[in-house]
Structure formats: structure tokens, C-alpha cells
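Computation of the quantities below employed the complete heavy-atom set of this structure, encompassing side-chain atoms and omitting hydrogens, waters and symmetry-equivalent molecules.
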Amino acid sequence: MESVNFGGDNPQPRFGHTICVIAPNKIALFGGAVGDTGRYTITGDVYIGDIIQKKWKRIEASGNVPTNRAAHQALAIELNQMIIFGGAVGGGGLADDNLYVFELRDDTGTWVTVPVIGTTPGRRYGHTMVLIKPYLIVFGGNTGQEPVNDVWSFNLEKSPYSWQKLECSSEQPNVRVYHSAALCSTGSANGMMVAFGGRTNDQSALNDTWGLRRHRDGRWDWVRAPYRTQTEQPAQRYQHSTLFLGTLMLVIGGRSNNVGETLPFEIYDTETSDWYKFQAIQRFRHSSWLIEQFLYLHGGFDSDQPNIPTEGILKLDLNKRFAQTPQLLKQLNTIKADQSFSQSFNPKPSPPLSQTQDQFKKTNLQATAQQQKNSNPYQQVRVSSATNKNIRLANQALVAMTYGPEEDITNQVKKVPIDKLQDEHKKLGPGFQDPNSQNKSQFLDQLCQPFMQNLLIPKDYSQIPPNSNLLTGIKKDMIIKLCDEVQRILEKEPNLLRLRRPIKIYGNLNGQYLDLMRFFDHFKAPYDNLYNGDIDSQDYLFLGDYIDRGSRSLEIILLLFTLKIKYSDQIHLLRGHHEDPKVNKIFGFADECFIKFSEDIMDPNSIYQRINRVFQYMPLAAVIEDKIFCVHGGIGQTMRTIDEIELIQKPLEIVHDPKTYQQKIALELLWSDPCLQDEELENQPNPDRDIFQNKQIFRFGTNRITKFLQENSLNMIIRSHEPTMEGFERQNNNVITIFSCPDYGGNQHQCKGSILTISKRGEIIPKVILPATPNQEQRWMDLEEPIQRKKGFAKYIVIDNEEAQLRKRPLTPLRQKRPLSQKQFK
């Protein structure tokens, strides 16, 4: 095989992705995982490859963009269109069970979700999907619990769209995952989906071949493909690929149960039932496609390096490979002479399906009204079967807010995107208390825009010059207005939030803005309508300590305030122990406000003072699905029930020598830690954290944890407050500590940073980043330097002897690394 070098936007080496031919000499790559098998990232990229020009182009897609995934299936359904289904999202999670259609137009891409009624095949990975027009056929795979052998069909031409589970009375294939399937379009197997190999429920590889065909009366049945007994049997394999070249099924790559076994390139002739073997193509979890007599491969793993995905494209001329096999060469020449050869690999629009994506769009819009009536946001959308193809729907609706015919509606009419229409009822409360809500919305958009533009840059953070000021152009009055708006939102929130899954949880950030951008880059960001955003699909919970120690605390807190305003129902900000002026005057936030805005921090109208007043309205804790308690520090030794948190009044000043029951609960929520060892059963004083020497800070023991969880009907505690070597730590199977600030304080331990994702089904999965590569950026504040050198500092920040001594305190020590901390959470 020869290597083909492409230019342009070359995709990163990856595995578990898909590539399909969507136009003559044009391929579409979607998704897959990048990185090695020990530390990989699932992607949702779309790349278009031009075989003639040998050039890749990355496509910025809009619309209903699917989540990142690998081990999914994709295939071309029309010219410049592909459809995807299923897959895995990493860490044991599965992608949703929606069908997504991608359409390429003039180097831009659009995603559309196909509206479906009724039961679906459900989430799965390692399955196959084949188009037997007009039916999509999904077979087998793994549901996350077990491999299966069910078969589902989906008629692309019949609206309302629905899945049908096929009930075949004939003998059926065994359950399997990581098998292959392809459509045969000529000969005796014409119109048949042919499936080969895979891995069954006892982890053994398979080598059987099955065909699925639809009869004229609508029945579907399976038939086992015959093998000639006098010929050698095919190798058992999985994570391979198959393609049809006329009547020939090409079996490419894969691996077997024998570690390091080299599997031959094999050909099955569906006309003669003969198998042919050729020199091995050492790839698995790759993608392959055919153009004329050329076989192409991309990505996956090489048997010689089974943990590092390959890059580039390999090309095999089948004329040369079959040169010494007259039977196959004759077949190939026959196929080349047939006009259907080029047609079979160059999709062209056909009358019934040429408007496929437009029809999906229309049906999506028709589903909006019914979706509004559906009280369960996770139910399938039901679509009316009465489809008038002559109706054209706009992508926006006019919404008027007025009481009677005599009222002026000049400023009370607005255009609303159709897909946002279902949220309008939330804004039309009794009495229309804000008759100028359109103006208010415009004001908030204008207020947030410069902060979003300057600070939410996960794809461009690496281009930021070291120590540059990202707040240039953002004036003090803009920050004050931002604080006013976010405080109005926080004032209405209880001190104990009740949240839902799916959700991402961030621990301490401590002014490490660039690391926050790295998390957003690797694991998606709270965007809407952008290819790497996921705010529409899940919530974000931050556990506090946004500021202090790090040099970009202002960037972090202003960005999070902005996100809270834009997505108030999805972004949740808990208070940490550094969100307290008694603390953040000492540990860097006051210094940063002075340095960047030259302000007197004691001025009640200063940025520093205004942000600290916002902190007084932040909630103290959250409960996810009534089972997971989330807090910055811990449960302390005082609180009995979580309902007591809701009794704490706002605004809340943290009292470090508490006199009341509620003051003590608040202090312990922000300052307490679990004991370091599972065997430590009782609560213990924690002098290392008692920086103000009030003897109020404790570590809570295993007995306290068990009793608290039982009495509150909870399963788990998720908290931050302490750095960990791996970025996360599990204790007693019911306490998880996460810390999202790698290399805390520039310490020599090089600790990692982590966030947690909790899927809709409840899986808890850590996502980890390593310490950043050192550069000229001064990431950490020198807390002693302003006192020693800057004369102006003393003018605006008065630091007494006690505060000066506290600035010299060592960093919070790492929690002890535990052997189980790197296991996936179940």
C-alpha cells in the first residue's frame, strides 16, 4: 500500500471515526477519538477530503450539532449528505439515540435532527448501519450493558418518521459488537445487507457471515452465507471493516483474540462462496472506502503500535493486488466495464430523497407545537402525519406582548427563533411585569457581548501573549453593571440548589483562566449554536474558589458572571471560602483589582467591593437528582439536614468566629474537609486550615459521612477545596474530591486538574488535564512582592501585620494519593 499525503486542515490521528463518500472523489470524516488509548478525547469534528486535490478542510457546522462521539456509524444518503447514529462519548457513556443528518453546501455544513415518534433502538456503540433504500438498517452493537443482535429499520421516505424493530422468524446471528456490515448491490446477493464477524458476549471473535434481505411482501429474514468446505475458512476478527466491490466482500484489518496476530486481507465472493487471502493490512478501529478500483484507509491503530492511532491515508490499487488471482481480476474488470461501478461509489440525488434534509427540517418545525404541549422534555417528539409539502415555514415567529387593541405595540413585538418559541411562555408572567423585556434582552446581550468576545475563547487561548491584559476595552462601569445584573439573578436563588442531570462539575479554579479555557477546549464549552458547545444539552456546576492565588481571577469571575446572565438556568455558581473579602484581601484578588484597574479597594464603589457584595448572594450547596450533595468544602460536624441550608439568609457575611447555628453551618460548608484516611472514623480538629485561629475548622470522619448520607437519603458527596495529585480522589466510595486547577500554586508536585461529568443515566466520569507547558505567563501572584516593592500598593491596600503573616502561609497541601483514585466511577 502507498501512503497518500493530504494538505490543508489535516485531522489529528484518531480511531473509532467514520468516513463516507458523499460525492465523486469527496469524503466526509466525522468524530472519533484522538490521543492514545490511555488518554484520549472524543471529538465531533467534520472534515471534508478532496481525493483529487489531496486536501482536507475542516467544516464549521451549524444547526443541531450532535455531541462528540466514537464507535458510531455514518453513511451517505444523498449527494453531499450523510446521516449518523449512536456511538460512545468516553468514560463508559453513550451518545444519544437521535439520527442526525449533515449537509454540505458551499464549504459550510448544517446539522438537522430527524424527528422520530415511538420507540428507538436506544443508545449503543459498535453497531452497524446500512442503507437499503429507503431503509436505514441498524444491527447489533453494545447497549452499554451487553452486546445485542436486534435489527431496526427506518424508512427515510415515510413521514412521520419512526423506527421499526424487525422480527425475523429465521435463524439469526449471535449477539455481537464491533462487527461489520455492507450493502451488496449486484449478483445473487443484490439488495442484501451482509454482516461479518465481530465479538460476541463471551469476548470471543467471530468469523461467520450473514445476509439480511427484505421480501416483496415486507418480511425480513436472515440467511447464513455458505462457505465452501474445501477452501480455507476466514479469520475470526472484530474492529475491522468491510466494503463491497461488485459481488466481492472485502474484509480489511481488525484484530482477534490472539494478541499480536496478523490477520490477512480477505475477499469473499458471494457468487461462488469462495474465500481469498492476501497480505495483511494491519489496521483496526480504522475507516475505509472505495473509489473506482482503489481501496483507501484512514486512521485506526497499527498492530505494531496498538495504543497510538495512525495518521494519514493509505491507498491500495486492487488491480495490482489481484494481479496473481485471475478469478478476482476477471471480476474486477467486469465491474469496471459496468456503468454501475462508478454509480455505486458516487452518490447522486434521486427524486424520492433529493429533498431529504429539507423535509427533516420541515418536520422538525412541525413538531414544535406538539413539543410545547409535552411536559416531559425527554419524551420523543410526536409528529402529525398530515404533511402538506406546499407549506413553507419561516425560521422565526413574531411574538407580541400587549393587553388590548388600544395599546402601543411599537416596542412590544419581537422576532423569536422557532426553536426558542417554546421558552416564550416563561417570559409572559401575570401582568407582563416587564413590558420592555425586548429592550431588557437587548441590553443584556449588549452588556455580555464584550465579556464573551474577550474571555470565552477556548479555541484561541493558546494565542494569548503571556501576561497580556484581556480586559482592555472593558471599563469599570461595564463591570459594575454586570455585577448588578448577576446579583439580581442570585438574589432569587435559594442557598441550596436542586439540579438535574446531565451536568458538568468544576472544582477550584483559583484564578487559572488559561486552564479553564483548556477544559472548555478539550471537553466542550458553555456555548450555544457552536460546534463545540453543549450548553443546550447539560448544566454546569462550579464549586467555588474562582479567585485568589492565580493571576487571572478577574477574567474568570467576570466570564462566569457573564455566563450566569446568559444561561441562568444552566450555569450554577456555588460560593467557596475565597469568595469572602476577609480571605481574598489577603490572597491576591485585592492585589489584582488594584493592579489592573488602579483602584482603591476600600472604596465601596470599587470593582473589588462590588464583586464581593455579589459573593454574598451565591448559593452554598446543591443537590443533584436528590442523591448527590455538592459543596465547596464539606459537611462539617454541625449540620443535621440539608434543609437547614435553605434557612440561611442572604446577603450572607461569613463569620469566622460564629455565634449562631446558621453562621457555623455556613462556615463549615466552605471550610471543612474529610479526614485523610478511610479508617479515621471520628471528626478531628484541622489546625492547618484554621488560619484565623478560631478553632472552628474540623475534618469530618467516616462515621459522620455515613450518618449524614443516611439521614438525608443521599448517596454521595462531591466537593473541592483541596488539591489532589490526580485531579480527583474517591474516598469510602461516597466522597469525591475534585480540583480543576492543575499545578496548584506552581508546586513541584505537578498535580493534575479534573472535572466530573454526570450523564443523564447517572454515570460519574472524571475528565483530566495535565499541567500546562511552562511559558512566560506569570500564572501565580507573588503575595509578598507588593508589600516589599510597590509604594502605591500601601496607599490603596492597608495590610496589617496579621494579614502580612498570612500571605506567607504555605499553600494548601495535597490530599494523600489513594490507589483507587484513578478508577472510573460507577
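- Residue Gln449 qualifies as enclosed at atom CD: its count of foreign heavy atoms under 6.0 Å is above 12.
- For the pair Arg14 (side chain) and Gly31 (backbone), a donor-acceptor distance under 3.5 Å is present.
- Rounding to the nearest 0.5 Å places CD1 of Ile51 at 11.0 Å from CD of Glu292.
- No donor-acceptor pair closer than 3.5 Å links the side chain of Thr143 to the backbone N or O of Arg124.
- No donor-acceptor pair under 3.5 Å is formed between the side chain of Thr757 and the backbone N or O of Lys504.
- Ring to ring, Phe85 and Trp152 are not that close: their centroids are 6.0 angstrom or more apart.
- The distance from atom CD1 of Ile27 to atom OH of Tyr296, rounded to the nearest 0.5 Å, is 9.0 Å.
- Side chain of Asn454 to backbone of Leu470: a donor-acceptor contact under 3.5 angstrom is found.
- The distance from atom CD1 of Ile571 to atom OH of Tyr540, rounded to the nearest 0.5 Å, is 7.0 Å.
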- Task: Report the C-alpha separation of Leu318 and Leu316 in whole Å, then their side-chain angles, then the decisive distance to 0.1 Å, and conclude whether the side-chain contact (heavy atoms from CB on, under 4.5 Å) test is met.
- Result: CA-CA 6 Å; Leu318 296 177; Leu316 175 64; 3.9 Å; yes

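- Side-chain contact check for Phe102 versus Ile84: every heavy-atom pair is 4.5 Å or farther apart.
- Residues Asp150 and Val148 approach most closely at OD1-CG2, 3.2 Å, considering heavy atoms.
- Between Phe139 and His179, the angle of the ring planes goes over 60°, which puts this pair in the perpendicular group of the 30/60° scheme.
- Distance check: Phe451 CZ to Leu560 CG gives 12.5 Å after rounding to the nearest 0.5 Å.
- When ring centroids are compared, Tyr506 and Phe519 come within the 6.0 Å threshold.
- Put simply, CD1 on Ile137 and CE on Met192 are 12.5 Å apart, with the number rounded to the nearest 0.5 Å.
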- Item | Candidate pair Asn98 and Val116, rule side-chain contact (heavy atoms from CB on, under 4.5 Å), full reasoning | CA-CA 8 Å; Asn98 291 323; Val116 175; over 6 Å; no

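- Paired with Phe244 under the rule side-chain contact (heavy atoms from CB on, under 4.5 Å), one option of Val194, Leu183, Leu290 passes, and it is Val194.
- Side-chain contact between Thr18 and Met129: absent, with no pair of heavy atoms (C-beta onward) separated by less than 4.5 Å.
- In this structure, Gln73 contributes its side chain and His127 its backbone to a donor-acceptor pair below 3.5 Å.
- Residues Pro24 and Leu79 have side chains in contact (heavy-atom distance under 4.5 Å, counting atoms from C-beta outward).
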- Test side-chain contact (heavy atoms from CB on, under 4.5 Å) applied to Arg39 and Leu770, step by step: CA-CA 11 Å; Arg39 190 188 305 115; Leu770 300 176; 4.0 Å; yes

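- Between the side chain of Arg176 and the main chain of Gly197, a donor-acceptor pair closer than 3.5 Å is present.
- Here CD of Glu103 is found 9.0 Å from OG1 of Thr108. Values are rounded to the nearest 0.5 Å.
- Leu297 is listed as a side-chain neighbour of Ser288, based on a closest heavy-atom distance under 4.5 Å.
- Using modelled atom types, one side-chain atom of Asn68 and one backbone atom of Gly44 make a donor-acceptor pair closer than 3.5 Å.
- In this structure Arg518 satisfies the salt bridge (charged side-chain N to carboxylate O under 4.0 Å, His left out) test together with Asp515, sequence neighbours excluded.
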- Query: Taking it one step at a time, do Phe294 and Asp317 satisfy side-chain contact (heavy atoms from CB on, under 4.5 Å)?
  - Reply: CA-CA 5 Å; Phe294 298 103; Asp317 188 340; 3.6 Å; yes

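- Remark: the backbone N or O of Gly727 is not paired with any side-chain donor or acceptor of Lys752 at under 3.5 angstrom.
- Within 6.0 Å of the NZ atom in Lys566, the count of heavy atoms belonging to other residues, nucleotides or ligands exceeds 12.
- Scanning for salt bridge (charged side-chain N to carboxylate O under 4.0 Å, His left out) contacts around Asp302 gives Arg283, with sequence neighbours left out.
- A ring pair (Phe, Tyr, Trp, His ring centres under 6.0 Å) with His240 is found for one member of Tyr178, Phe196, Phe284 and no other, namely Phe196.
- More than 12 heavy atoms of other residues, nucleotides or ligands lie within 6.0 Å of NZ in Lys315, so this atom counts as buried by the packing criterion.
- Considering every non-hydrogen atom in both Ala525 and Pro458, the closest pair reads CB-CG, 4.2 Å.
- Counting only distance, with no hydrogens or angles, the side chain of Ser740 and the backbone of Ser754 share a donor-acceptor pair below 3.5 Å.
- Looking only at distances, a side-chain donor or acceptor of Ser287 sits under 3.5 Å from a matching main-chain atom of His17.
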